[in-house]
Each structure stands twice: as C-alpha cells, then as structure tokens.
Amino acid sequence: MMTLEEAPPSAEPTRLTDDQRDRLAADLERDGYAMLPEKLPAGWIQEALAAIDRITREKRAEDSSLTGVKVQNCVDADPAFLRLMMYEPALQLCYDIFGPMFHLNQSNFVSRPRDNKTVADFVSSSPWHADGPRPGLFPKVDGAMGLHYLKFGYFLTDLTHGNGGSLMVVRGSHRRPELDGKGGSFRIDDYEKNVVKFDCEPGTVIVFHQAQWHAAPPNQSETERKNVYISYCPTWMRPLDREFPTEADLAGRTDEERWLLGEPRPAQQWWLPRGNDSERMARFRRDSQTRGPAIVNYD
Ligand SMILES: O=C(O)CCC(=O)C(=O)O
C-alpha cells in the first residue's frame, strides 16, 4: 500500500465527471452509500490529521481520563475542517441531490484509540443506528425514510488491517424502517449478507444516506482511528449540531463558505432563493449544466 508520504502531491481534489456523478447517484439510490472514486489529496489528509492531533492533545491535557476524543461542529475548530467542508466532489453530489439550496448540517471528528471500553457512546464505538435524532419519527416518503441529509465520512488513517473499528453499513437499509423497528431485539447477524465494512486506505471518502443503518465497533488495533464526518441538508432544514453564525463569525469567509455556514438572512430566504442565491453554488453544477443557463429559477 502507498504511504501518505509516497502519494502523488495532488494539491486539489479532482472534480467528478458527469458520468461519475451518475454512477454515484445510482449507487446511493440502490445501496444507500457510495465510495467516492478518488481519495483525499495527501496534503488535505495531513492538514486534517495535524488539526485532530492538536485538538486531541489539548483535550487530553485538560482531562487526563479521556481516551477517545470527539469534537462536534469541528468546522469552527480549525481551518482544515472548513477546507473539508468545501470538498468539491461532495458538494457536486449535494448539488445533484438538493439543487442549489443546501448547507452544512453537521461536522465532527473522532480520534479513537484502542481503549478496551465496551460502551457504544459514539466516541469509543458506535452502535447500529440510523442518523437522527429519533430517525424513526422522521416523516416517511412512500413508506420509506426521505433523504434529509447526506453524510460524508473522511477516513484519514489506515483501516486496511481490519480491526481498527471501521465504519459498517447494511446495504439497502436506507429503504427500511430504522433497524426494522426491532429496537432492543435487533441482531445484526440477521442481516449478515448485506453488511459492508470499510476497511479502507487513508483518504477514503464514503457518502451515505442518513437513514442508512450504520455502526463502528471498538478500535482493537494499535493505530488510532481518526476521521471526520460532514453532512449537508436543504437550507430549509436547521442544522443538527450547530447554531447559525453571526456576521462577526463570518469575517474572512468566502462567498461559498458563508452560504454553507448559513449567513444571516430574512426568514423566507431559507426556503426559496432570492437574487443570486441559486448561483452561489453554481460551480458545483454538472459540466453539462454549467455551459447553459441556471437550471433552477424560482422567480
Ligand atoms: O463511529 C463511527 O464511525 C460512526 C459514527 C456514527 O455512527 C455517527 O456519527 O452517527
């Protein structure tokens, strides 16, 4: 396997082609998840790892009992995560699914060493669930869970050794009620043939539907597992784990970052675009669309 140092120095991610977008959309529709065709550029991985290591060190210095560290809303914690929020292939897929009116729903990182804890608290490990909160109570569309947000997992450390606590999903489960309504009597063995485990290389990006059943077992390896999750939802949905920023918070942000972070605006403008709102994310349109007029016109 290629090490991070040996990886070609690709400064920026490669834009998805329209064919790749079609394939990813089909994978998402059928399976509820997809693996993006390219890994994160090596420089992006290194920058995110440096940020995770710095913050994790600080947290452990404040509380020496900490093993795993999880930081919610990490885009506010270091520019490396803000850069991940702008990952072009992710924003292209969001544009395909939500159109121009989407924004940041959630961001977090987890640094997970082997800690021999058995509690599935989303820090040491994560139990089987669909994302919520209380996703079973979300409105259904044609009997199935609608797509409320799209979640991207950025796996920054090696998981190919197989016992690092890799993300697992149940293929196709986004079309079923949460854990088939079994609650405490749910047994993953009943779904064995559809369980997919991402024992992946550093830089792998997995996208999944929020209704996808997923879990991550404890890390039983010597390699601390470090990853970032970033999700996006339509602008009419309130973000899950963050408040909207003030103008002062947004100082120095680009136009696209301001849009994704949720710049202050009149109430109705969260529902329908006004002025050039539907152009703010225009560069994430399909190549076939960028040559023509905007496809969404609400006026
Ligand atoms: O631990 C993991 O990788 C899964 C995290 C998770 O299930 C979640 O954030 O909802």
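Every number for a ligand or one of its atoms is a count from 1 in the order of the listing. Worth saying up front: this structure is predicted, and the values here are computed from it rather than measured.
The ligand atoms of ligand 1 that sit less than 4.0 angstrom from a heavy atom of Arg112 are 1 (O). In the vicinity of Asp131, heavy-atom distances shorter than 4.0 Å reach the ligand 1 atoms 10 (O). Listed by atom number, the atoms of ligand 1 under 4.0 Å from His214 heavy atoms are 6 (C), 7 (O), 8 (C), 10 (O). The atoms of ligand 1 that sit less than 4.0 Å from any heavy atom of Arg225 are 1 (O), 2 (C), 3 (O). In the vicinity of Ala216, heavy-atom distances shorter than 4.0 Å reach the ligand 1 atoms 1 (O), 2 (C), 3 (O).
Considering backbone and side-chain N/O atoms, Ser126 comes within less than 3.5 Å of an N/O atom of ligand 1. Residue Asn227 has no nitrogen or oxygen atom sitting less than 3.5 Å from a nitrogen or oxygen atom of ligand 1, judged on distance alone.
Considering Leu167, Asp27, Val170, Val169 in turn, Val169 is the only one that fulfils the side chain to side chain contact (heavy atoms under 4.5 Å, CB included) rule with Tyr33.
Side-chain atoms of Arg225 do not come within 3.5 Å of backbone N or O of Leu159 as any donor-acceptor pair. Checking side-chain atoms of His129 against main-chain N and O of His214 turns up a donor-acceptor pair under 3.5 Å.
Relative ring orientation between Trp271 and Trp236 is described as parallel, the plane-to-plane angle staying below 30° on a 0-90° scale split at 30° and 60°.
For the pair Glu256 and Arg83, the salt-bridge criterion is not met [side-chain N within less than 4.0 Å of a carboxylate O].
Within the set Met168, Gln210, His129, the minimum heavy-atom distance to atom 7 (O) of ligand 1 is found for His129.
Two residues are said to be in side-chain contact when any heavy atoms from C-beta on lie closer than 4.5 Å; Cys94 and Phe284 fail this criterion.
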Between Phe155 and Ile206, is a side chain to side chain contact (heavy atoms under 4.5 Å, CB included) present by the stated rule, with each step listed?
CA-CA 8 Å; Phe155 297 95; Ile206 308 289; 3.8 Å; yes
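For atom 8 (C) of ligand 1, the nearest protein heavy atom (residue, atom name, distance) is Lys151 NZ, 3.2 Å.
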